[in-house]
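Structure first, then comments.
For reference, positions follow the sequence shown, starting with 1.
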Amino acid sequence: MVILDTPNNAGEIFPPTYNWQATKTTVKERFAFMFNNEILADVHFIVGRGESQQKIPAHKFVLSVGSAVFDAMFNGTLATKVEDIELPDVEPAAFLSLLKFLYSDEVQIGPETVMTILYTAKKYVVPALEKACVDFLERNLCSENAFLLLTQARLFDEPQLADLCLDTIDKNTHEAFSADGFTDIDLSTLAAVLERDTLRIRESKLFQAIQRWSESECVRLQIPVTGENQRAALGEALPLVRFPLMTVEEFASGPAQSGILTDRETVQLFLYFTVNPKPSIGFLDSPRSCMSGKEMTVSRFTQIESRWGYNGACDRIGFSTDRNIFITGLGLYGSIHGPAEYDVQLQLIQTSSASILGMNQTTFLCDGTTMPFRVMFKNAIEIQSNISYIVSATLKGPDSHYGTKGQRRVTVDCPGGGKVTFQFSYAAGHNNGTSVEDGQIPEILFYT
């Protein structure tokens, strides 16, 4: 037998390893040694394209044992006879990870390679490696990458991963729609999310998000960013925005001025907000089920007085509920001197941790009556039952009305059945005098 010298990676000539089997005490060690090794190799793969292309040695027996696709390729009725098999659609790093798994059961997955490895594992029907990829993605799933991974899960037909992505988006809707990767998703994925009843976000914020997406889509299509082009880009997704769930103020300041809706749609929606009976419109008006039914209000006071002044301190009140709900805003008293404008900062705080769960800094107009005026958080905030929270409002404006004869315990009947009981408590610290008995913050607005 003639033994040919072979070059190593440095170009030096050396004889092939002799008696290497003696140093490997297990079958696993011997097969692992053969990974990406010319020793006994009987097939080569030309993997990738261009400068990244690699020639990778392999062993038909090992590949056939690990993959039905390779088994058919080498041993089926139409088995290939070529020694060099080209795989231009596979990344070299992903193919090497697949071979590493087939030779040694070792899983080598990272954030940069997981999707290409998943593609390769599915291409060659290696379910154990496919599962390892999905498990890796699930462990690293968060609101920041939920949309990106959802797109990939749909592309690779991974329903379990897709469901987990959707659940993450449901629970962290505002953060997921605000993530950088959101604007890179495809239209069908956007529509699949918008049709869900379980999103935890106000419809006005949802519209702002799809506006951002449509702007990015116009850039990708290399067309001007106009209302008409944005509408065309949104296609099937636009009717899935539930415009009737917005307040008239939210609709007027956003969608009505966007240029995305037609003049007819804008007029119809304004009529929907302002007249009865309401006209038929082409948009859903059923609430998302995470905030089922209609918006509800819990009122603390049984009597209204004047006057309540503001010196920069915040009005605060503590509360807890006997079931999970979504807080969307507060009702606040307005001026005793007629129509006026207030600057206000809202906060919702978990008492034990002092963490701020939601806030908004805005203005509101009042007409001088004793009725409370709605001021909303940026998005709905889920609170847990039997946990203590504080809502606060820091107002700048003229003296206002205030409530008296406050109730410590208030039960609200829900439209679809059931009840929510609020327990109000004194919020220690600088609270501008607001307490359970007297003060500001007469109402909390919420959904079940």
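You'll find the side chain of Glu217 stays beyond 4.5 Å of the side chain of Leu187, heavy atoms only. Using a 4.5 Å cut-off on side-chain heavy atoms (C-beta onward), Leu98 and Ile117 make no contact. The shortest side-chain heavy-atom distance between Ile260 and Pro255 does not fall under the 4.5 Å cut-off. Side-chain contact between Ile85 and Ile46: absent, with no pair of heavy atoms (C-beta onward) separated by less than 4.5 Å. At a threshold of 4.5 Å between non-hydrogen side-chain atoms, the residues Asn386 and Ser320 do not count as touching. Counting only heavy atoms from C-beta outward, the side chains of Arg300 and Gln407 never approach each other to under 4.5 Å. Val193 is listed as a side-chain neighbour of Ile169, based on a closest heavy-atom distance under 4.5 Å. Taking 4.5 Å as the limit, every side-chain heavy atom of Phe147 sits out of range of all side-chain heavy atoms of Cys165.
Nearest heavy-atom pair, Gln345 versus Met359, reported as atom, atom and distance to 0.1 Å: NE2-CE, 3.5 Å. Here the shortest heavy-atom pairing between Ala132 and Val107 reads CB-CG1, 4.0 Å. The shortest non-hydrogen separation linking Tyr342 to Ser400 is OH-CB, 3.6 Å. Between Leu150 and Thr189 the shortest heavy-atom distance is CD2-CG2, 3.6 Å. Residues Leu245 and Ser286 share a closest heavy-atom pair of CD1-O, 3.7 Å. Between Thr434 and Gln440, the closest heavy-atom pair is OG1-N, 3.0 Å.
Proximity of a side-chain donor or acceptor of Arg323 to a complementary backbone N or O of Ser385 within less than 3.5 Å is not detected. Side chain of Trp213 to main chain of Ile185: a donor-acceptor pair is present (N/O by atom type, distance under 3.5 Å, no hydrogens or angles). With hydrogens and angles ignored, the 3.5 Å screen pairs a side-chain donor or acceptor of Thr173 with a backbone N or O of Asp170. Without hydrogens or angle criteria, Thr351 side chain to Ser388 main chain gives a donor-acceptor distance under 3.5 Å. Between the side chain of Asp322 and the main chain of Thr421, a donor-acceptor pair closer than 3.5 Å is present. Using modelled atom types, one side-chain atom of Asn145 and one backbone atom of Asn140 make a donor-acceptor pair closer than 3.5 Å. Between the Arg242 side chain and the Glu203 main chain, no donor and acceptor come within less than 3.5 Å of each other. A donor-acceptor pair is defined here as one N or O able to donate and one able to accept, closer than 3.5 Å; no such pair exists between the side chain of Ser67 and the backbone of Leu63. Using a distance-only test at 3.5 Å, with no hydrogens or angles considered, no donor-acceptor pair links the side chain of Arg202 to the main chain of Met246.
Put simply, CD on Glu130 and NZ on Lys122 are 3.5 Å apart, with the number rounded to the nearest 0.5 Å. Distance check: Ile109 CD1 to Glu106 CD gives 12.0 Å after rounding to the nearest 0.5 Å. In this structure, OG1 on Thr394 lies 8.5 Å from CG on Leu346, to the nearest 0.5 angstrom. Of the inter-residue distances, the one linking Phe319 atom CZ with Ile444 atom CD1 reads 4.5 Å to the nearest 0.5 angstrom. Going from atom OG of Ser335 over to atom CG of Leu365 covers 11.5 Å, rounded to the nearest 0.5 Å. Expressed to the nearest 0.5 Å, how far CZ of Phe95 lies from OH of Tyr124 amounts to 5.5 Å.
The 12-atom threshold is not exceeded at CG of Asp263, counting heavy atoms of other residues, nucleotides or ligands nearer than 6.0 Å. Residue-environment remark: CD (Gln53) exceeds the threshold of 12 foreign heavy atoms within 6.0 Å. The neighbour count for Lys278 NZ, taken as heavy atoms of other residues, nucleotides or ligands under 6.0 Å away, is above 12. Other residues, nucleotides and ligands contribute only 12 or fewer heavy atoms inside 6.0 Å of the CD atom of Gln160. At most 12 heavy atoms of other shown residues, nucleotides or ligands fall within 6.0 angstrom of atom CD in Glu86. The number of heavy-atom neighbours closer than 6.0 Å to NE2 of His430, taken from other residues, nucleotides and ligands shown, is 12 or below.
Side chains of Tyr426 and Asn431: a donor on one and an acceptor on the other come within 3.5 Å. Glu228 and Thr226 are not linked by any side-chain donor-acceptor pair at a separation below 3.5 angstrom, with hydrogens and angles left out of the test. Counted by atom type alone, Thr247 and Arg374 present zero donor-acceptor pairs between their side chains at under 3.5 Å.
The pair Lys123-Asp89 meets the salt-bridge criterion, since a charged nitrogen lies less than 4.0 angstrom from a carboxylate oxygen. Here Asp135 pairs with Lys131 in a salt bridge; the nearest charged N to carboxylate O distance falls below 4.0 Å. Electrostatic pairing of Arg220 and Asp186 does not count as a salt bridge here, judged by no charged N lying under 4.0 Å from a carboxylate O.
Taking the six-membered ring where tryptophan is involved, the planes of His401 and Tyr333 are perpendicular, since the angle between them exceeds 60° and thus also 30°. Between Tyr119 and Phe156, the angle of the ring planes lies from 30° to 60°, which puts this pair in the tilted group. Between Phe70 and Phe45, the ring planes are perpendicular. Angles over 60° get that label, and only those under 30° would be called parallel.
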Task: Stepwise side chain to side chain contact (heavy atoms under 4.5 Å, CB included) check, Ile210 with Leu238 - done: CA-CA 8 Å; Ile210 70 161; Leu238 182 61; 4.3 Å; yes
Open item on the list: side chain to side chain contact (heavy atoms under 4.5 Å, CB included), that's the test. Do Thr80 and Phe74 meet it? Break it down for me.
Closed with: CA-CA 6 Å; Thr80 182; Phe74 301 131; 4.2 Å; yes
- [ ] Decide yes or no on side chain to side chain contact (heavy atoms under 4.5 Å, CB included) for Leu99 and Asn36, but give the supporting numbers first.
- [x] CA-CA 8 Å; Leu99 296 188; Asn36 198 22; over 6 Å; no
Open item on the list: I'd like to know whether Phe301 forms a ring pair (Phe, Tyr, Trp, His ring centres under 6.0 Å) with Tyr402, so could you lay out the CA-CA distance, the side-chain angles of the two residues, the decisive distance to 0.1 Å, and finally the verdict.
Closed with: CA-CA 9 Å; Phe301 300 119; Tyr402 72 97; 8.2 Å; no
Open item on the list: For Asp184 and Leu148: C-alpha separation, side-chain torsions, deciding distance, then whether side chain to side chain contact (heavy atoms under 4.5 Å, CB included) applies.
Closed with: CA-CA 8 Å; Asp184 296 328; Leu148 173 63; over 6 Å; no
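Residues Tyr272 and Phe251 place their aromatic rings such that the two centres sit no closer than 6.0 Å.
With Phe182 as the aromatic partner, Arg212 does not meet the cation-pi criteria of under 6.0 angstrom to the ring centre and within 45 degrees of the ring axis.
Evaluated for a side-chain contact (heavy atoms from CB on, under 4.5 Å) with Phe243, the options Leu206, Thr266, Leu261, Ile281 yield exactly one hit, Leu261. No option in Ile325, Asn324, Thr321 other than Asn324 meets the side-chain contact (heavy atoms from CB on, under 4.5 Å) test with Gln384.
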